[in-house]
K.L.:
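Below is a structure I'd like to ask you about.
The analysis underlying the following values was restricted to heavy atoms, covering all of them including side chains, and did not include hydrogens, waters or symmetry mates.
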Amino acid sequence: MNVSEPDWAYVTRSLVKVLAVASALFLTLVVAERVLWVFVGFDDERTALVYGTAARVVNPDKRLTYGYSDGGGLLGTTYTLRGEPRRAGPGEDRKEYEITEDLFGAVRAPSFDGPSGSLAGTVDSVEWELGTDRQLTEEARKAIDALPQTLRAVAVLEFTHSMTTEQLVAFNRRHELCGGGDVSYIYSPYYYDDSSGDPPLSAVVWNRGMPKEPWEDFTYQCETEPEAALAEFRRWVGLLRSGDDLEEFGLSHGSLTETAKEGVVYGLVIDGWTLADLRKLLDDPEVRTVNLTDVAFDLG
């Protein structure tokens, strides 16, 4: 049986054609990507500002302190946040959380899997219609008094009524408090109407550092921080567009706009204060309760 030798010239020509087609396809993809960037307008910086901040707003149970972008690509852009559970003790369990925006503007953040843990549940339990509850206040006193007062805590403070910026500044001055990175403002409690088909709306928890990255230089304003915080929140909401896909975060453009316009605070998320400092606040008639979500000794 005769086996003919391969036609090496033909094989060579075929390989050259394959390489030529592959190169042409590659160049076409590169050109298409550049065209998409020009005409579709991928903006990974805006993805970070809008969706990275939204993730921080609705995940108060996590310290999301650092983010970076992949720079965008043909099919979209990915913004990655690094963070850890918000606990009173030393940091642990650092993870990466990805937010992806595709070519059509749809946003997905599956790695967040929703807020979880005692802090998230406590934030979601803050009520719209507050009011004085002496039994609740006394229970909070007993819970704090039963523990060493030097413990550091993560806690949620509820007011007896929604607080305007002016009232919060007066509250800070009355207690000689300095708002900063360890105080966040609950501008809107969790909302769900089970009689309608609308999805739940996440609680809006804001700290002025949320749109910032760790290397950005800015300073909190101590007693008057509530004024700066609200101004920054309104600025961020003003950057949003009606077409932004906020559904993944349980937010909506309309509700955020209304919340920013109202500009009142229903409670505080407090990170790293001693129990002794929290206990003093319970004597203020405008404080309804302080819920501890985690405590730890300060080993630093």
K.L.:
Would E129 and R288 pass as an ion pair if we require N to O under 4.0 Å?
P.N.:
no
K.L.:
Taking atom CD of E247 as the centre, does the number of heavy atoms from other residues, nucleotides or ligands within less than 6.0 Å exceed 12?
P.N.:
no
K.L.:
Verify the cluster assignment for V183 and F218: are they in a single hydrophobic cluster under the rule of side-chain heavy atoms below 4.5 Å apart?
P.N.:
no
K.L.:
If you apply the rule side-chain contact (heavy atoms from CB on, under 4.5 Å), what do you find for L119 with V123, and how did you get there?
P.N.:
CA-CA 6 Å; L119 177 56; V123 169; 4.1 Å; yes
K.L.:
Is there a donor-acceptor pair under 3.5 Å between the side chain of Y68 and the backbone N or O of R82?
P.N.:
no
K.L.:
May I ask you to test the L147-L292 pair for a side-chain heavy-atom distance under 4.5 Å?
P.N.:
yes
K.L.:
Using the salt bridge (charged side-chain N to carboxylate O under 4.0 Å, His left out) rule, take K142 and E139 through it: C-alpha gap first, then chi angles, then the decisive distance, then the call.
P.N.:
CA-CA 5 Å; K142 290 180 179 178; E139 288 173 355; over 6 Å; no
K.L.:
Does any N or O in the side chain of R152 come within less than 3.5 Å of the main-chain N or O of G272, such that one atom is a donor and the other an acceptor?
P.N.:
yes
K.L.:
What I'd like to find out is whether the side chain of I186 reaches to under 4.5 Å of the side chain of V269, using heavy atoms alone.
P.N.:
yes
K.L.:
Give a yes or no on whether the backbone of V154 and the side-chain of T293 come within a donor-acceptor separation of less than 3.5 Å.
P.N.:
yes
K.L.:
Between T78 (side chain only) and D70 (backbone N and O only), is there a donor and an acceptor less than 3.5 Å apart?
P.N.:
no
K.L.:
When hydrophobic residues are tied together by side-chain contacts of less than 4.5 Å, even through go-betweens, does V156 share a cluster with L136?
P.N.:
no
K.L.:
Do R63 and D271 touch side chain to side chain, with heavy atoms closer than 4.5 Å?
P.N.:
yes
K.L.:
Start with the C-alpha gap between R87 and D294, add the side-chain angles, then the distance that decides, and say whether salt bridge (charged side-chain N to carboxylate O under 4.0 Å, His left out) holds.
P.N.:
CA-CA 6 Å; R87 304 257 172 78; D294 194 36; 5.1 Å; no
K.L.:
Verify side-chain contact (heavy atoms from CB on, under 4.5 Å) between V287 and T137, making sure each step is shown before the conclusion.
P.N.:
CA-CA 8 Å; V287 175; T137 308; over 6 Å; no
K.L.:
Flag the pair R46 and E101 as a salt bridge only when some basic side-chain nitrogen lies within less than 4.0 angstrom of an acidic carboxylate oxygen.
P.N.:
no
K.L.:
Go through the steps for E286 and H161 under the test side-chain contact (heavy atoms from CB on, under 4.5 Å), then give the verdict.
P.N.:
CA-CA 7 Å; E286 290 187 300; H161 60 89; 2.8 Å; yes
K.L.:
Can you get from V265 to V169 by hopping between Ile, Leu, Val, Met, Phe, Trp and Tyr side chains that sit under 4.5 Å apart?
P.N.:
no
K.L.:
Is the count of non-hydrogen atoms from other residues, nucleotides or ligands lying under 6.0 Å from E216 atom CD greater than 12?
P.N.:
yes
K.L.:
Ignoring hydrogens and geometry, is there a side-chain-to-backbone donor-acceptor pair from R279 to I144 under 3.5 Å?
P.N.:
no
K.L.:
Output yes when a side-chain donor or acceptor of S202 lies under 3.5 Å from a complementary backbone atom of L251, and no otherwise.
P.N.:
no
K.L.:
Between V57, V264, L201, T259, which is the residue that forms a side-chain contact (heavy atoms from CB on, under 4.5 Å) with S188?
P.N.:
T259
K.L.:
Please determine whether a side-chain nitrogen of the Lys or Arg among E258 and K261 lies less than 4.0 Å from a carboxylate oxygen of the Asp or Glu.
P.N.:
no
K.L.:
I'd like to know if the side chain of D244 and the backbone of L246 have a donor-acceptor N/O pair within less than 3.5 Å.
P.N.:
no
K.L.:
side-chain contact (heavy atoms from CB on, under 4.5 Å) between L64 and M210: does it pass, once the steps are laid out?
P.N.:
CA-CA 8 Å; L64 300 169; M210 286 178 173; over 6 Å; no
K.L.:
So, does D61 use its side chain to make a donor-acceptor pair with the main chain of S118 at under 3.5 Å?
P.N.:
no
K.L.:
Regarding R141 and E138, does a basic nitrogen lie under 4.0 Å from an acidic carboxylate oxygen?
P.N.:
yes
K.L.:
Can you get from Y192 to L256 by hopping between Ile, Leu, Val, Met, Phe, Trp and Tyr side chains that sit under 4.5 Å apart?
P.N.:
no
K.L.:
Are Y220 and D182 close enough that a side-chain donor and a side-chain acceptor fall under 3.5 Å?
P.N.:
no
K.L.:
So which atom in T165 and which in G263 form the shortest heavy-atom distance, rounded to 0.1 Å?
P.N.:
OG1-O, 4.0 Å
K.L.:
So E225 and Y185, side-chain hydrogen bond (donor to acceptor under 3.5 Å, both in side chains) or not? Walk me through it.
P.N.:
CA-CA 11 Å; E225 177 61 22; Y185 307 93; 5.1 Å; no
K.L.:
Do D193 and D198 touch side chain to side chain, with heavy atoms closer than 4.5 Å?
P.N.:
no
K.L.:
Any sub-3.5 Å donor-acceptor pair from E223's side-chain atoms to R173's backbone N or O?
P.N.:
no
K.L.:
Would you say that T65 contacts R94 through its side chain, given a criterion of any heavy-atom pair below 4.5 Å between the two side chains?
P.N.:
yes
K.L.:
Apply the ring-ring contact (aromatic ring centres under 6.0 Å, His included) test between Y266 and each candidate in W206, Y187, W128, Y190; give the one that qualifies.
P.N.:
W128
K.L.:
Quick one: does R208's side chain have a donor or acceptor within less than 3.5 Å of a partner on T219's backbone?
P.N.:
yes
